[in-house]
Protein chains: 2
Amino acid sequence: MAKTAVKRKKSGAPSLDRILSAASALFTRKGFNGTSTRDIAGRAGVSLGNIYNYFGTKEEIFVSLLEKREKEYFDPGQPLIRALTSTAFPDNIEGLGFAARETVEKFSDYILLIYVDVVEFEARHVNKMFARMRQGYAAALKASPAGRGRIASDIDPAGALMMVTWNYFNYFIMEKLFKVKGHYGMADEQAVKLFARVFKRGILA
Amino acid sequence: MAKTAVKRKKSGAPSLDRILSAASALFTRKGFNGTSTRDIAGRAGVSLGNIYNYFGTKEEIFVSLLEKREKEYFDPGQPLIRALTSTAFPDNIEGLGFAARETVEKFSDYILLIYVDVVEFEARHVNKMFARMRQGYAAALKASPAGRGRIASDIDPAGALMMVTWNYFNYFIMEKLFKVKGHYGMADEQAVKLFARVFKRGILA
DNA sequence: CATATATGAACGAGCGTTCGTTCATAAAGA
DNA sequence: TCTTTATGAACGAACGCTCGTTCATATATG
């Protein structure tokens, strides 16, 4: 009986979590339609039919993943929020750069799931999430401590913050997810510095 | 006899072009695995078996599309190259912004195909293309006319140019392909101006 | 014992590719 | 010049397989 119990519960994690984890690994590598429920079941160590005890359809698995990761992405402990609440913007531009790197590392699966949604579901499941982002940035600025650097009066602070973080995000996404090593012709640390330099004082001599 | 001939050759465009065009429309909306050869055949107005007179496999259709679009993307007549050769960098930052918008409009299918490749083929078919890009930017800077604005001596000109154009690209990709209208809380024209302002003189007061 | 979780065979549909056939046109041969 | 042969584009049926989902049954748990 103990033997059967061990066989039944692989590694202690509940089946639902194992299904989600397996699905995430596969959706991010083959897309939604390129991933079969058999692949997911096999990877999760559950039977094919058991999947339907937890999720009504394959698409429901996908949507659950997006929701789960969105929640984690907006969690206050995530790297970007930490960088914003520990140092004032725009003093912390380099810090934001490294936080963006950490975020892309940590959420690379979520980012790829977003691309899957953009293509295979015409961005149906994710466009609301992006709309929430600007509010998130504005709120983080409010909660940010006062600092030495001042933002020029003709610049929208939330806009500037979005500009900086998106720039870093996109750099690290290219390097990591698009697999383009050194696409700026320099190492990460140098690129972080270049971007910060440009954002602080501009390109003009 | 004439009747039969007409029946055999639909609409004048060669079958190959119709297959590519149909495939592009479908791959960008459902992904590679989500698109069947039957879908492509139906949309192109050819028989299912006829596809294999032109392409050995479904993947070969996909790769042909990427190659075709890549060639068009790097064509000297495309909006971004035009903006760079008509006005000096960094005088033309706003111009680059509008060129980026035009480019995203014109190549939205290509951008989506790239996402398909990143996810479903682990960026296998596109990462070389990105490596080429830096060279493209450096060459465009060389060919660019001399202007009034001068780049600060501690800033890599090609790096700055990439930073500007990627920033604008990503803005317009979000707006158009991710379907997030007004994600900076302002109209396109205002966003183009804000970005140019920040890139020229920086955020600091 | 009742309930919750899990299984695996089967259903009906769809998939990428192959293959034999047809047909219009071009080329070769008499 | 006319007839025969060859060619390549096009077709649609079929092959062998995979797919998402259902459902009757088995097993585990409290």
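Just the heavy atoms: all of them, side chains too, but no hydrogens, waters or symmetry mates, feed the values below. A quick note: this is a predicted structure, and the numbers were derived from the prediction, not measured. In the text below, chain A, chain B and the rest are named by the order of the sequence lines, each starting its count at 1.
- Residue A:Val46 places its side chain closer to C:dT7 than to any other of C:dT17, D:dC11, C:dT7.
- Taking the six-membered ring where the residue is Trp, B:Phe195 and B:Tyr168 present tilted rings, their angle falling between 30° and 60°.
- Rounded to whole Å, the distance from CG on B:Leu48 to C1' on C:dG16 is 8 Å.
- Each of D:dT21, D:dA9, C:dA6 was ranked by its minimum atom distance to the side chain of A:Asn50; first place goes to C:dA6.
- One N or O on the side chain of A:Asp39 and one on the backbone of A:Ser36 form a donor-acceptor pair closer than 3.5 Å.
- Note on ring orientation: taking the six-membered ring where Trp is involved, the planes of B:Tyr73 and B:Tyr110 are tilted (angle from 30° to 60°).
- The backbone N or O of B:Val192 lies less than 3.5 Å from no partner atom in the side chain of B:Glu94, so there is not a single donor-acceptor pair.
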Compile the donor-acceptor pairs under 3.5 Å between side chains in residues 132-141 of chain B and protein atoms, sequence neighbours left out, one pair per line.
from	atom 1	to	atom 2	distance (Å)
B:Arg132	NH1	B:Glu70	OE2	2.8
B:Arg134	NH1	A:Tyr184	O	2.7
B:Gln135	NE2	B:Ala131	O	3.4
B:Tyr137	OH	B:Thr165	OG1	3.1

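- For residues 52-63 of chain B, proximity to DNA chain C is found at B:Tyr52, B:Thr57, B:Lys58, defined as any non-hydrogen atom under 4.0 angstrom from a strand atom.
- The ring-ring contact (aromatic ring centres under 6.0 Å, His included) test with A:Phe121 singles out one residue from A:Tyr115, A:Phe32, A:Phe27, and that residue is A:Phe32.
- Contacts of B:Ile51 with the nucleic acid, taken as non-hydrogen atoms under 4.0 Å apart, are absent.
- Heavy-atom distances under 4.0 Å link DNA chain D to A:Thr35, A:Ser36, A:Thr37, A:Arg38 of residues 33-43 of chain A, given in residue order.
- The side-chain hydrogen bond (donor to acceptor under 3.5 Å, both in side chains) check on A:Asp117 picks up A:His125, with sequence neighbours excluded.
- B:Leu16 places its CG atom 16 Å from the P atom of D:dG8, with the value rounded to the nearest Å.
- For A:Tyr52, the side chain to side chain contact (heavy atoms under 4.5 Å, CB included) partners at least two apart in sequence or on another chain are A:Thr37.
- Within residues 113-125 of chain B, no residue has a heavy atom under 4.0 Å from DNA chain D.
- Checking side-chain atoms of B:Glu120 against main-chain N and O of B:Gly31 turns up no donor-acceptor pair under 3.5 Å.
- Following rounding to the nearest Å, B:Asp17 (CG) and D:dA9 (C1') show an atom-to-atom distance of 15 Å.
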Worked check of ring pair (Phe, Tyr, Trp, His ring centres under 6.0 Å) between A:His183 and A:Phe178: CA-CA 10 Å; A:His183 75 293; A:Phe178 286 56; 9.0 Å; no
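- In terms of modelled atom types and a separation under 3.5 Å, the side chain of B:Thr35 and the main chain of B:Leu26 share a donor-acceptor contact.
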